[in-house]
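Worksheet: the structure to be examined is printed underneath.
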Amino acid sequence: MTLSAIEKALNDPTLSEQERSNIQFVLKFRALPFAERSNYTVEGFRPSRMGMANLGELNTGEGPNYTADSIPDREDDILDIIAKGDRVWATWLIRGTHGGALYGIPATGNKVEVLEVGQWRIQDDLIAEAWFFVDELALVRQLGVWPEPVTAEKEN
């Protein structure tokens, strides 16, 4: 039997009880709908960096950048999660179908599979800081809005 990344992290004997608790808190937080997450953050919380920040800068259109409809069947597979002191870091694979507007890119119906990493700082049992980074180049290539690189193999 192989352990999942979450099981491995939670079973790490070097973790303090607080670090283990912080991992569990972040997992609970990530499982919540976006509308409920503010109950678990410090007042005025805003992530220091959103995962698709570059796409956000490029989108000059009206309306939201990312909603539950952007990838309605989104599933995140946590590949690794670690904790040290008041911080938790994780890497996960986002999988789903581009079913709604995503930073100005109309729905394509394409399947996507991209990496994202995140970091959270826990303060008084609340999320005080967060930072995210998505492989946006892989995402736009999978959506068909950025060409794949031309290689010698493809030219032949």
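Quantities reported herein were computed from a predicted structural model and do not represent experimental measurements.
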Q. Between the main-chain N or O of Ala68 and the side-chain N or O of Arg74, is there a donor-acceptor pair closer than 3.5 Å?
A. no
Q. Which atom names give the shortest non-hydrogen contact between Ile78 and Trp92, and what distance separates them?
A. CA-CB, 3.8 Å
Q.
Suppose clustering is done on Ile, Leu, Val, Met, Phe, Trp and Tyr with side-chain heavy atoms closer than 4.5 Å. Which residues sit in the same group as Phe133?
A. Val117, Trp131
Q. Can you tell me how far the CG atom of Leu15 sits from the CD1 atom of Ile23, to the nearest 0.5 Å?
A. 5.0 Å
Q: Please list all pairs passing the salt bridge (charged side-chain N to carboxylate O under 4.0 Å, His left out) test where one or both residues lie in residues 26-46, with sequence neighbours left out.
A: Arg30-Asp76
Q: Measure the CD-CG distance between Glu116 and Leu139 for me, rounded to the nearest 0.5 Å.
A: 10.5 Å
Q: Give a yes or no answer on whether the side chain of Asn22 reaches the backbone of Gly85 with a donor-acceptor pair at less than 3.5 Å.
A: yes
Q.
On a heavy-atom basis, which atom in Ala107 and which in Gly100 lie closest, and how many Å separate them?
A. CB-N, 3.6 Å
Q. How many angstroms lie between CD in Gln123 and OG1 in Thr41, if you round to the nearest 0.5 Å?
A. 11.5 Å
Q.
Donor-acceptor pair, distance only, cut-off 3.5 Å: does the side chain of Asp12 make one with the backbone of Thr14?
A. yes
Q.
Checking the side chain of Arg20 only, and the main-chain atoms of Leu10 only, is there a donor and an acceptor separated by less than 3.5 Å?
A. yes
**Q.** Worked verdict on Val42 versus Ile127 for side chain to side chain contact (heavy atoms under 4.5 Å, CB included)
**A.** CA-CA 6 Å; Val42 297; Ile127 304 288; over 6 Å; no
**Q.** Heavy-atom pair with the smallest gap, counting every atom of Ser70 and Ala101
**A.** OG-O, 2.6 Å
Q: Measure the shortest side-chain to side-chain distance between Val134 and Val114 over non-hydrogen atoms and say whether it is less than 4.5 angstrom.
A: yes
Q: Answer yes if Met52 and Leu115 sit in the same cluster of Ile, Leu, Val, Met, Phe, Trp and Tyr residues linked by side chain heavy atoms under 4.5 Å apart, and no otherwise.
A: no
Q: State the CG-CG distance between Leu126 and Asp124, to the nearest 0.5 angstrom.
A: 7.0 Å
Q: Taking the side chain as every heavy atom from C-beta outward, state whether Leu137 and Trp146 have any pair of such atoms under 4.5 Å apart.
A: yes
Q. Linking I/L/V/M/F/W/Y whenever their side-chain heavy atoms sit closer than 4.5 Å, directly or via other members, would Leu79 and Val88 fall into one cluster?
A. no
Q | Separation between CG of Leu143 and CD1 of Ile105, rounded to the nearest 0.5 Å | A | 5.5 Å
Q: Give the C-alpha distance, both sets of side-chain angles, the deciding distance and a yes or no for side chain to side chain contact (heavy atoms under 4.5 Å, CB included) between Leu55 and Asn65.
A: CA-CA 9 Å; Leu55 288 177; Asn65 290 321; over 6 Å; no
Q: Is it possible for you to say whether Ile94 and Met50 belong to one hydrophobic cluster, with membership spreading through side-chain heavy-atom contacts below 4.5 Å?
A: no
Q: Assign the ring pair Phe29 / Tyr40 to parallel, tilted or perpendicular, where the plane angle (0 to 90°) is split at 30° and 60°.
A: perpendicular
(Q) For Asn11, I'd like to know if atom CG has over 12 heavy atoms of other residues, nucleotides or ligands within 6.0 Å. (A) yes
**Q.** Ile71 with Leu93, same ILVMFWY side-chain cluster at under 4.5 Å
**A.** no
Q. Do Leu27 and Ile81 touch side chain to side chain, with heavy atoms closer than 4.5 Å?
A. yes
Q. Of all residues at least two apart in sequence or in a different chain, which pass the salt bridge (charged side-chain N to carboxylate O under 4.0 Å, His left out) check with Glu136?
A. Arg49
Q: Would you please name every residue forming a side-chain hydrogen bond (donor to acceptor under 3.5 Å, both in side chains) with Trp89, sequence neighbours left out?
A: Gln119
Q. Checking Asn110 side chain against Gln142 main chain: does a donor-acceptor pair fall under 3.5 Å?
A. yes
Q. Of all residues at least two apart in sequence or in a different chain, which pass the ring pair (Phe, Tyr, Trp, His ring centres under 6.0 Å) check with Phe132?
A. Trp120
Q: Would you mind reporting whether Leu102 and Tyr66 have side-chain heavy atoms less than 4.5 Å apart?
A: yes
Q: Could you list the residues that satisfy side-chain hydrogen bond (donor to acceptor under 3.5 Å, both in side chains) with Lys111, not counting sequence neighbours?
A: Thr97
Q.
Other residues, nucleotides and ligands only: do more than 12 of their heavy atoms fall within 6.0 Å of CG on Asp73?
A. yes
